[in-house]
Amino acid sequence: MFFLLPLFALLLELHFSKRKFYFSDHIIFSLHFHIFYFVVSGIELVLQYVFYTDFFSWASLIVWIYLVLAMRRVYQNKWLVTILKSFSIGLLYSIMIGIVMAGLFVWILMID
């Protein structure tokens, strides 16, 4: 996932290109968001181990709400614009993750 940080920052750059932000600002935001994601995922894994139940949907909702709040605070757009951009960035980033995972799967199969 840390190799995908620049791609997430690129998506932020494409969605907020009218603002006066440097690419390094988007990298910092991307790093901050991914750290939050990993902390929530770690807590989710501990809760799954302790309570033997699935908390994935709650963790996903918490991460998305945090993304919207963080984007709203940093990029200072209206709520509707921020929500729509977060959906767009999330969808495009999920597609990128899928492509990278498929590429890694094919690469692993070709090694053997």
Cluster link Leu4 to Leu91, ILVMFWY, side chain under 4.5 Å: no
Does any N or O in the side chain of Ser94 come within less than 3.5 Å of the main-chain N or O of Gly90, such that one atom is a donor and the other an acceptor? yes
The reported gap from OG in Ser41 to CZ in Phe36 (rounded to nearest 0.5 angstrom) is 9.5 Å
Around atom CH2 of Trp64, are there more than 12 heavy atoms of other residues, nucleotides or ligands at under 6.0 Å? yes
More than 12 heavy atoms from other groups under 6.0 Å of OH on Tyr93: yes
From Asp25 CG over to Ile28 CD1, what is the distance, rounded to the nearest 0.5 angstrom? 6.0 Å
hydrophobic_cluster_shared for Ile99 and Leu10, side chain cutoff 4.5 Å: no
Could you give the side-chain donor-acceptor pairs of residues 69-83 under 3.5 Å, partners two or more places apart or in another chain?
{"from": "Arg72", "atom 1": "NH1", "to": "Asn77", "atom 2": "O", "distance (Å)": "2.4"}
{"from": "Tyr75", "atom 1": "OH", "to": "His26", "atom 2": "ND1", "distance (Å)": "2.8"}
{"from": "Asn77", "atom 1": "OD1", "to": "Arg19", "atom 2": "NH2", "distance (Å)": "2.5"}
{"from": "Thr82", "atom 1": "OG1", "to": "Lys78", "atom 2": "O", "distance (Å)": "2.8"}

Which pair of non-hydrogen atoms, one from Phe16 and one from Lys85, has the smallest distance, and what is that distance? CE2-CD, 3.6 Å
When hydrophobic residues are tied together by side-chain contacts of less than 4.5 Å, even through go-betweens, does Leu84 share a cluster with Phe8? no
How long is the straight-line distance from CH2 of Trp58 back to CD of Glu44, given to the nearest 0.5 Å? 13.0 Å
Value rounded to 0.5 Å, distance of CG in Leu92 from CG in Leu7: 11.0 Å
Can you get from Val63 to Leu31 by hopping between Ile, Leu, Val, Met, Phe, Trp and Tyr side chains that sit under 4.5 Å apart? yes
Between Leu5 and Ile27, what is the shortest heavy-atom contact and its length? O-CD1, 4.5 Å
Please confirm whether the backbone N or O of Ser30 pairs with a side-chain atom of His34, one donor and one acceptor, at under 3.5 Å? yes
Report the relative orientation of the aromatic rings in Phe33 and Phe29; use parallel for angles under 30°, tilted for 30 to 60°, perpendicular for over 60°. parallel
Do Ile108 and Phe3 sit in one hydrophobic cluster, given that two such residues count as connected whenever their side-chain heavy atoms are within less than 4.5 Å of each other, even indirectly? no
